[in-house]
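For clarity, every value in this text was computed on a predicted model and none was experimentally measured.
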Amino acid sequence: MNQAIAQVTLVVKNYDDAIDFYTNKLGFSLVDNIELGDNKRWVTVSPLNLNGLSLLLAEATNDEQRKAIGNQTGGRVFLFLHTDDFWRDYKTMKDNGVEFNENPREEPYGTVVVFKDLYGNLWDLIEKK
């Protein structure tokens, strides 16, 4: 049996703001943007050339969901964006206004830096050794 995790839900304040951030600041592709009715949409984004995991952007619909925006993992790094060229992507993201929490650093597993998405969720940008 073949299985794979296909999507991870990311709770957002607004579909369009989230689409703008992920496509224009991080350079992701907009995979799906389907109207479902009742102000709901099926919105997925993915890094370019990825044939696997995508983010399902889910607009918060109640107070409990709104509380999770920007803190889906209790302040820990939430997602890990691997790259084949750390310095290219770091520079592009910096030029696009992405906020970094630190300077890039070398770790035993690769070059890494922590950045925030538009709501404050923490990500690692990593080029593995």
Side-chain angles (χ1 to χ4, degrees):
M1 173 171 31
N2 290 328
Q3 296 181 331
I5 296 174
Q7 289 154 332
V8 172
T9 299
L10 183 63
V11 181
V12 300
K13 288 181 187 174
N14 177 275
Y15 289 120
D16 295 320
D17 291 345
I19 290 168
D20 180 63
F21 178 84
Y22 286 100
T23 60
N24 293 321
K25 296 206 183 262
L26 296 189
F28 285 20
S29 297
L30 177 61
V31 179
D32 298 298
N33 188 2
I34 302 166
E35 294 288 337
L36 301 175
D38 295 328
N39 294 320
K40 289 187 180 181
R41 290 155 54 184
W42 182 265
V43 178
T44 60
V45 295
S46 175
L48 297 176
N49 303 318
L50 183 70
N51 293 324
L53 185 73
S54 61
L55 291 177
L56 175 67
L57 305 178
E59 194 171 276
T61 59
N62 60 44
D63 287 340
E64 185 176 350
Q65 292 175 10
R66 281 187 278 281
K67 288 179 192 173
I69 295 170
N71 192 24
Q72 296 199 162
T73 58
R76 299 281 310 248
V77 170
F78 177 45
L79 296 165
F80 300 80
L81 182 61
H82 287 202
T83 178
D84 63 350
D85 188 334
F86 178 89
W87 294 105
R88 174 200 64 212
D89 292 347
Y90 174 73
K91 181 184 180 327
T92 299
M93 291 166 64
K94 202 167 178 77
D95 290 347
N96 289 341
V98 173
E99 182 181 343
F100 291 89
N101 284 23
E102 61 183 7
N103 292 318
R105 64 185 193 281
E106 293 296 324
E107 295 290 347
Y109 52 85
T111 307
V112 63
V113 67
V114 176
F115 69 92
K116 292 181 183 180
D117 70 13
L118 74 163
Y119 299 118
N121 292 301
L122 299 179
W123 290 62
D124 272 0
L125 174 65
I126 299 173
E127 182 179 358
K128 293 178 75 175
K129 286 188 177 179

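Within the 4.5 Å cutoff, side-chain heavy atoms of Tyr22 are placed close to those of Leu118.
Residues Leu79 and Val113 are members of one and the same hydrophobic cluster, defined by side-chain heavy-atom contacts under 4.5 angstrom among Ile, Leu, Val, Met, Phe, Trp and Tyr. Hydrophobic clustering keeps Val31 apart from Phe21 (ILVMFWY residues linked when any side-chain heavy atoms are closer than 4.5 Å, directly or through intermediates). Transitive grouping of hydrophobic side chains (ILVMFWY, heavy atoms separated by less than 4.5 Å) keeps Ile5 and Trp42 in distinct clusters.
Atom CG of Leu81 and atom CG of Leu26 lie 7.0 Å apart (nearest 0.5 Å). From Ile19, atom CD1 reaches atom CZ of Phe28 across 13.5 Å, with rounding to the nearest 0.5 Å. Taking CG of Asp124 as the start and OG1 of Thr111 as the end, the distance is 12.0 Å to the nearest 0.5 Å. Rounded to the nearest 0.5 angstrom, Tyr119 OH and Gln72 CD are separated by 11.0 Å. Atom-to-atom distance recorded for Lys129:NZ and Glu106:CD is 5.5 Å, nearest 0.5 angstrom. Distance check, rounded to the nearest 0.5 Å: CG of Asn62 to NZ of Lys67 gives 9.5 Å.
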Let me check something: any side-chain donor-acceptor pairs from residues 7-14 under 3.5 Å, sequence neighbours excluded? List them with distances.
residue: Asn14; atom: OD1; partner: Asp16; partner atom: N; Å: 2.9
residue: Asn14; atom: OD1; partner: Asp17; partner atom: N; Å: 2.8

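Between Trp87 and Tyr90, the ring planes lie perpendicular to each other; the angle is over 60°, past the 30° to 60° tilted range.
By the neighbour-count criterion of 12 heavy atoms within 6.0 Å, atom CZ of Arg105 is densely surrounded, having more than that number from other residues, nucleotides or ligands.
Under a 4.5 Å side-chain heavy-atom cut-off, the cluster of Ile, Leu, Val, Met, Phe, Trp and Tyr residues that includes Ile126 is completed by Val77, Phe80, Tyr109, Val112, Val114, Leu122.
Considering every non-hydrogen atom in both Asn96 and Lys25, the closest pair reads O-NZ, 2.8 Å. Between Gln65 and Ala60, the closest heavy-atom pair is OE1-CA, 3.4 Å. Summarising the geometry of Arg41 relative to Tyr15, their closest heavy-atom pair is N-OH, 3.1 Å, with the distance given to 0.1 Å. The minimum heavy-atom distance linking Asn33 with Val43 is given by the pair OD1-CG2, 3.6 Å. Looking at every heavy atom in both residues, Leu57 comes nearest to Ala18 through CD1-CB, 3.8 Å.
The closest donor-acceptor contact from the side chain of Ser54 to the backbone of Ser46 lies at 3.5 Å or more, if one exists at all.
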